[in-house]
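Following: one structure in structure tokens, then a few remarks.
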Amino acid sequence: MNPASKARKGRKAGRRHPLASVALIAIGLLFTGGAYAAFSTTTASAESDANSQQTIDDGEKLFAANCATCHGLSAQGSGDGPSLIGVGAASVDFQVGTGRMPLQMQGPQALKKPVQFTEEQTAALAAYVASLAPGPAIPEGEVLDGEGDAAVGAELFRINCAMCHNVAGAGGALTEGKFAPSLADVSAVHVYEAMVTGPQNMPVFNDMNISPENKRDIITYLKYIEDNPSPGGLAIGSLGPVAEGLFIWIFGLGAIVALTVWITAKSN
Amino acid sequence: MTSVSTREPTEVKKSGGFTASAANYIDERTSVSGAVKELGRKIFPDHWSFLLGEVALFSFVIILLSGSFLTFFFDASMAEVHYDGSYAPLKGIAMSAAMQSTMDISFDIRGGLLMRQVHHWAALLFVAAIGLHMLRVFFTGAFRKPREINWVIGFVLFILAMAEGFTGYSLPDDLLSGNGLRIIDGLIKGIPVIGTWFSFLLFGGEFPGTAIVGRLYSLHILLLPAIIVALIAMHLLFVVVHKHTQYPSAGHTNKNVVGYPILPVYAAKAGGFFFIVFGVVMLIASFVTINPIWNYGPYDPSPVSAGTQPDWYIGFADGAMRLVPPGWEFVWLNHTYSMNILVVLGVVGLFIVTVMIYPFIEAWITGDKREHHVLDRPRNAPTRTAIGAAGVTFYASLWAAASSDIMATHFHLTMEGVIHTLQATTILGPFLAFYITKRVCLALMKKDREIVLHGYESGRIVRLPGGEYVEVHQQVDDFERWKLVSYNDQKPLMLRPNANGKITVPEQVRAGLSRWFFEDRIAPVDQVELDQAHGAHHTEIEGSADKPAQISDK
């Protein structure tokens with residue numbers, strides 16, 4: 001904006017003005033940058049929309065219609081739902097973007113389900129909540145590209161995430177019917193948002209705790225295990241020895257018992 | 001087992017060609033023909049459940065073969081190295097040489113992953129087959145005289161198989177196995193007085209130390225397999241010495257064995273069956289991942305993965321610990337007493353010892369000193385079958401508890417709900433199982449009695465001249481009847497004074513237990529009853545004379 005306005009000021013001097021070349025470069029950069037941003041990520045365009053008052057107003061209307069029953073008319077929270085002031089756009093994008101919100105029913109934890117809002121609506125809701133107070137923004141750019149160091153990510157995942165989500169991200173049980181969900185088929189942006197916002201029972205892993213670079217590594221590892229099927233064959237849920245034990249009893253020993261019956265069957 | 005080329009050593013005089021002369025050559029130098037003659041004519045009865053022990057044996061052979069392959073490449077060292085193999089998400093990560101060599105076997109040695117998976121799947125199958133074989137032996141009463149000692153040998157083999165499994169599970173030094181060892185370390189340290197000392201002795205210092213993998217390796221590939229091979233040899237020798245048991249059927253008595261000779265039928269079948277078992281294990285190992293250590297990563301004391309469990313056969317012990325309610329520890333004289341661990345060790349230990357010595361307990365209670373080569377049908381020994389069902393329920397509850405977290409997530413339950421339910425089934429379940437099983441057995445015996453006396457429902461409905469409809473009952477044939485009537489009718493022991501004219505307390509206990517064991521029983525149909533019932537058959541249509549079988553009390 002700033003270099004462009006300077007260019008406008010110097011219009012009288014025309015293209016001979018000393019700042020004309022600066023203005024030209026600025027305009028050029030603005031266009032290329034804008035076009036790059038528009039083409040590279042969809043979240044970036046949502047971000048640029050998110051700044052507009054129109055989007056925020058749309059979000060407020062959606063919020064009043066769909067969320068205010070539990071979260072209060074000005075997102076201040078109620079007995080049925082927490083305050084959303086300061087949770088940031090990332091939190092809204094995660095909860096609404098994975099279908100967890102709006103909540104189907106009160107229970108141990110909100111379940112993933114078909115997404116209820118379009119991307120624009122989700123972005124509008126996020127913009128509205130983000131406009132209430134500062135909070136984590138929707139991540140974008142290279143932290144989500146899955147091009148980090150998978151080995152570092154795997155180690156960080158084992159240390160920080162595996163106790164709930166299982167080493168292969170297959171999920172695990174928590175107390176009182178809560179659980180850590182499976183991370184298979186969770187998009188990079190949602191993984192990142194979950195880390196920075198700590199939805200439901202998950203702790204927050206802020207940038208002091210796990211740097212954005214390391215978050216990128218974790219996403220890289222998750223992408224690796226998603227893209228590379230188990231080298232040993234069927235992963236049977238990546239659940240560990242319980243699944244293996246059930247498999248050998250039911251299919252292994254089951255097949256063998258069937259074969260013993262066949263071998264000892266009397267011929268007709 | 002026996003080499004086929006030595007089959008015809010006695011037929012040398014016939015012009016047998018190369019086979020005969022080769023057999024003669026060997027026989028003249030080894031006198032093996034006597035053994036072949038003896039063994040080759042040994043009769044084995046044919047029933048699918050008699051092959052379960054063979055499955056265990058064959059799995060063990062598969063384990064030996066695949067395990068030998070693994071020893072060529074495994075490095076039982078805990079020296080720290082940085083992984084530099086093919087698996088990208090572990091590149092550059094510090095780990096022990098044991099873990100690195102296991103990774104190399106999995107990713108960089110041709111056929112290594114397949115052999116690892118064959119080894120591990122065969123190990124799971126080995127213990128599972130032993131378990132099923134043991135259940136068969138228990139529920140058919142095959143452990144009775146003269147086979148009590150063979151039961152104990154078999155049971156020790158079961159324990160050793162678990163020990164083999166656990167030591168093998170711990171060797172890769174991955175996260176999962178390290179967590180397992182940590183639990184063992186905790187168990188040991190929970191034992192008063194000797195715990196800490198013993199833990200330091202085992203691990204060569206503070207857990208995890210740098211010695212444990214090497215030590216477990218010695219046990220895993222040397223000591224335990226040697227003992228297992230020796231005990232298997234004894235186990236099989238006893239099978240030959242005792243003769244194989246057989247199910248009750250027409251013509252099966254305590255003095256004969258009805259079946260096929262080892263040579264040629266049985267040897268061919270068993271030989272072929274080995275390859276079938278091998279094939280099944282290979283198929284599973286080719287298509288299904290087991291113990292993906294690349295997911296678990298190297299052992300590090302801080303992380304524990306969700307869903308961390310031992311292999312299935314240690315599950316009952318893990319489950320027993322999960323079922324202990326919180327707050328059982330107490331401090332006395334400045335020492336913490338971890339009852340949460342000691343009670344588990346005590347209960348599991350008692351259970352194991354009880355199962356191991358069960359044949360002697362039952363023999364003492366029943367006072368039965370006869371040899372038994374004909375098996376019991378489970379229903380014909382209601383109390384034993386009920387005891388077995390109670391034991392299975394107890395074990396299964398503990399076993400299920402080891403997967404409490406997986407059950408909670410997969411069935412959308414609360415973990416607390418699963419644990420509390422299993423606590424209840426662990427304690428109440430065995431009693432319920434005992435009662436239900438015993439009643440079912442007695443009911444089945446009643447039904448057998450009914451069938452012998454009055455035949456089975458033929459499905460043919462006849463209208464009598466008076467307009468009444470009745471179903472014609474068909475008599476069972478003699479073969480079938482043999483099975484239904486030829487079981488031991490045992491009665492409670494009489495309480496008798498001993499030589500000194502005294503009735504001792506142990507004898508009173510024994511008589512009481514014997515009464516509990518045998519008081520509810522259905523007597524087998526005897527000839528008189530049979531004649532009466534069948535005499536009646538000609539005068540009235542069966543089924544109308546519905547004389548209930550009697551439970552004789554006391």
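The analysis underlying the following values was restricted to heavy atoms, covering all of them including side chains, and did not include hydrogens, waters or symmetry mates. Just so we're on the same page: letters track the sequence lines, and every chain starts at 1.
- Few gaps surround CZ on Phe107(B); more than 12 heavy atoms of other groups in view lie less than 6.0 Å from it.
- In terms of heavy-atom pairs under 4.5 angstrom with chain B, the leader among Gly245(A), Ala150(A), Gly153(A) is Ala150(A).
- Among His412(B), Gln117(B), His120(B), the residue with the largest count of heavy-atom pairs under 4.5 Å with chain A is Gln117(B).
- Judged purely by atom type and a 3.5 angstrom limit, Ser305(B) has no side-chain atom pairing as donor or acceptor with the backbone of Met163(A).
- Two residues are said to be in side-chain contact when any heavy atoms from C-beta on lie closer than 4.5 Å; Ile93(B) and Val152(A) fail this criterion.
- With a threshold of 4.5 angstrom between heavy atoms, Phe287(B) approaches chain A through N, CA, C or O but not through any side-chain atom.
- Gln309(B) contributes no side-chain N or O that, together with a main-chain N or O of Pro241(A), makes up a donor-acceptor pair within less than 3.5 Å.
- Both the backbone and the side chain of Leu90(B) come within contact range of chain A, each with at least one heavy atom under 4.5 Å from a heavy atom of that chain.
- At least one side-chain heavy atom of Val257(A) sits under 4.5 Å from a side-chain heavy atom of Leu132(B).
- By the 4.5 Å heavy-atom criterion applied to side chains, Trp249(A) and Leu124(B) are not counted as neighbours.
- You'll find the side chain of Phe247(A) reaches within 4.5 Å of the side chain of Trp121(B), heavy atoms only.
- Contact of the Ile263(A) side chain with the Ile276(B) side chain is registered, since non-hydrogen atoms from C-beta on lie closer than 4.5 Å.
- In this structure, Glu244(A) and Ile290(B) have side chains that are in contact, with non-hydrogen atoms separated by less than 4.5 Å.
- The environment of Glu226(A) atom CD is dense: over 12 non-hydrogen atoms of other residues, nucleotides or ligands sit within 6.0 angstrom.
- Neither the backbone nor the side chain of Ser404(B) comes within contact range of chain A; no heavy atom of the residue lies under 4.5 Å from a heavy atom of that chain.
- With a threshold of 4.5 angstrom between heavy atoms, Leu113(B) approaches chain A through side-chain atoms but not through N, CA, C or O.
- Comparing Tyr83(B), Tyr87(B), Tyr313(B) by how many heavy-atom pairs each has under 4.5 Å with chain A, the most go to Tyr87(B).
- The two residues Asn295(B) and Ala168(A) have their closest heavy-atom pair at ND2-CB, 3.6 Å.
- Interface check for chain A: of the options Gly131(B), Pro89(B), Pro303(B), Pro292(B), the most heavy-atom pairs under 4.5 Å are formed by Pro89(B).
- Counting heavy atoms of neighbouring residues, nucleotides and ligands inside a 6.0 Å radius, atom CZ of Phe274(B) exceeds 12 of them.
- Interface remark: of the candidates Ile406(B), Thr289(B), Leu176(B), Thr414(B), Thr289(B) forms the most heavy-atom pairs closer than 4.5 Å to chain A.
- Residues Gly171(A) and Ala306(B) approach most closely at O-CB, 4.3 Å, considering heavy atoms.
- For the options Gly172(A), Ala173(A), Pro181(A), heavy-atom pairs under 4.5 Å to chain B are most numerous at Ala173(A).
- Contact of Ala408(B) with chain A is made through the side chain alone, with heavy-atom distances under 4.5 Å.
- For the atom pair CZ of Arg158(A) and CG of Asp300(B), the computed distance is 8.0 Å after rounding to the nearest 0.5 Å.
- Ranked by heavy-atom pairs under 4.5 Å with chain A, the first of Thr409(B), Val277(B), Val288(B), Leu175(B) is Val288(B).
- Among the candidates Ala255(A), Ala154(A), Ser230(A), the residue making the largest number of heavy-atom pairs closer than 4.5 Å to chain B is Ser230(A).
- Residue Leu114(B) does not touch chain A at all, counting heavy-atom pairs closer than 4.5 Å.
- In terms of heavy-atom pairs under 4.5 Å with chain B, the best-connected choice from Phe251(A), Tyr224(A), Phe179(A) is Tyr224(A).
- Proximity to chain B (any heavy atom under 4.5 Å) is shown, for Glu176(A), by both the backbone and the side chain.
- Only the side chain of Val280(B) comes within contact range of chain A, judged by heavy atoms closer than 4.5 Å.
- With a threshold of 4.5 angstrom between heavy atoms, Leu283(B) does not approach chain A through any atom at all.
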inquiry  = side chain to side chain contact (heavy atoms under 4.5 Å, CB included) for Trp312(B) and Ile248(A)? Distances and angles first, verdict last.
reply    = CA-CA 9 Å; Trp312(B) 77 261; Ile248(A) 200 67; 4.2 Å; yes
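- Within the 4.5 angstrom heavy-atom criterion, only side-chain atoms of Ile236(A), from C-beta onward, approach chain B.
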message = Could you walk me through whether Leu174(A) and Met415(B) satisfy the side chain to side chain contact (heavy atoms under 4.5 Å, CB included) test, starting with their C-alpha distance in whole Å, then the side-chain angles of each, then the deciding distance to 0.1 Å, before giving a yes or no?
response = CA-CA 7 Å; Leu174(A) 301 174; Met415(B) 190 124 91; over 6 Å; no
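- For a residue to count as touching a neighbouring chain, one of its non-hydrogen atoms must lie under 4.5 Å from one of that chain's; by this rule Leu413(B) touches chain A with the backbone only.
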